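Beneath this line is the structure, given in structure tokens, with notes to follow.
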Amino acid sequence: MAFKDDFLWGAAAASYQIEGAWNQDGKGPNIWDIAAKYNHIKHNETGEEAIDHYNRMKDDVALMKAIGLKAYRFSISWARVLPEGTGRVNEAGVRFYSDLVDELIKNGIEPLVTLYHWDYPYALHCRGGWLNDESSEWFLEYTKVVVDALSDRVKYWMTFNEPQCVLGVGYLDGAFAPFQKCSPPELFRMGANMFLSHGKAVKYLRENARQRVYISMAPYASTMMPANDSKEAVDKAYEDTFKCTGPRFAYTMAYFSDPVYLGHYPEDLVAEYGSMIPEFSAEQWALVSAPLDFYGVNIYYHGGYPDDGSGYESNWYKGCPHTDIGWPITPSTMYYSPVFLYKRYGLPVMITENGMSEHDWVFLDGKVHDVYRIDFTQRYLRELSRAADEVPVIGYMHWSVMDNYEWAEGYDKRFGLIYVDYRTQERIIKDSGEWYKRVIESNGKIL
Ligand code: BGC
């Protein structure tokens, strides 16, 4: 059967989306704290309180246990640990994550840490952020604090969540914090500093973690869907999936994965931009592309971005089923993405996010009957099971464990297995959470 006995069934969340406590116990501001104050977000909603996970952590872990999670993927808020981004360590912030790890382990839940899920310290943003060539040293300094505090208990590490969104949404389209629009040379320089940050973090982890650790990045998949099952169509989809051309290169998988997993920039990108892309020395390339242990990937829907400017994406058709956030429902991406990624990068795949937003509400019987989320997840997981018969797949993290702050959409979009009433902070396990528990208990056999 597809899923191995030690398959990691889990769910995920990210610091800014759940923690709240934005200035509690010495935390410094990050770029979302600042941007959300200035009308960038729907209904002017901020993550200042979010779902108050910082103050409800133990109860939240109890809920994770109630739905039988074997793993929980969370991110660290850099400015909670280092309020100015570098220098002074905020011990209360470090303690929060250390306590969270203890609580997870006590409840039999494997902790998976993401170092960077988009909440850049505001103090470092003011020093130029990723454009500053010192930024990879800042990232290393932050990584050291986290690794020294947690690596005795945390085995699984991810450096960047969806680096495409950091660069593409944050600095090309200006639709996420810090809401800027930069030129290709600036994007390439920021990208290079992100690659070096990743590499320095991996090196530090390898040399200093207190146990054998498993490391990856966590980009999102933009896998193209083959027109049919023929070998020609599948080969073409594979090739198109890893294209990296045009002004929207920052959104591609190849831009972030080829340097890290293959040790070079994508050839088509180099052909197009040439010397605009900062070159690395041999020593830097060795750092950037040091071997990783798995390919972590967030999978939501089949790719394509409209690089021809038509605005018509290849994954969309008339009447296409889509979620509340407008994303097409394309389950076969959960088969093709792991298969294509394994073919290109040759590492076991972990699904670090997958899920959907819907108009959840509390029914008259006090429950949340999110039948569409169950159907969506079942379809995607069946495809994952098909993939796992062909290539190594080591885990699946549902996005998200709880409803939370959906970035520029504020609290409008609900992705959780657990419903949250944002006025009272009451939590209710949705039907999908109960269903997921049975999936986990059966190791996927009921799918
Ligand atoms: C991100 C999450 C986000 C989710 C739904 C991913 O892009 O990693 O932070 O909430 O998808 O949009």
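Quantities reported herein were computed from a predicted structural model and do not represent experimental measurements. Remember, it's 1-based here, ligands and their atoms both numbered in the order they're listed.
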* To do: Using the ring of F139 (Phe, Tyr or Trp, six-membered ring only), decide whether K200 places NZ or CZ under 6.0 Å from its centre and within 45 degrees of its axis.
  => no

* To do: Quick one: look up the protein heavy atom nearest atom 12 (O) of ligand 1 and list residue, atom name and how far away it is.
  => E406 OE2, 2.6 Å

* **Aromatic plane relationship, W32 with Y405 - under 30° parallel, 30 to 60° tilted, over 60° perpendicular** => perpendicular

* Winner among Q164, M356, E353 once heavy atoms are compared against atom 1 (C) of ligand 1 -> E353

* To do: Under 4.0 Å from a heavy atom of N298: give me the atoms of ligand 1 that qualify, with their elements.
  => 8 (O)

* Asked: Heavy atom under 4.0 Å from ligand 1: found in K413's side chain, backbone, both, or neither?
  -> neither

* For ligand 1, which part of N161 has a heavy atom less than 4.0 Å away: the side chain, the backbone, both, or neither? -> side chain

* Is a salt bridge present between D33 and K27, judged by a nitrogen-to-oxygen distance below 4.0 Å? -> yes

* Does the side-chain contact (heavy atoms from CB on, under 4.5 Å) test come out yes or no for F376 and E358, once each step is laid out? -> CA-CA 11 Å; F376 172 100; E358 249 330 319; over 6 Å; no

* Heavy-atom nearest neighbour of atom 11 (O) of ligand 1 within options F415, Y16, Y300, W407 -> Y300

* Would R414 and D370 pass as an ion pair if we require N to O under 4.0 Å? -> no

* Asked: atom 7 (O) of ligand 1: which protein heavy atom is closest, and how many Å away?
  -> E162 OE1, 2.7 Å

* Minimum heavy-atom distance W78-G85, with the two atoms named -> NE1-O, 2.8 Å

* Heavy-atom pair of closest approach, residues Q164 and T252 -> CG-O, 3.6 Å

* Does at least one non-hydrogen atom of W327 fall below 4.0 angstrom from an atom of ligand 1? -> yes

* Report, in ascending order of atom number, the atoms of ligand 1 lying under 4.0 Å from any heavy atom of H117. => 1 (C), 2 (C), 8 (O), 9 (O)

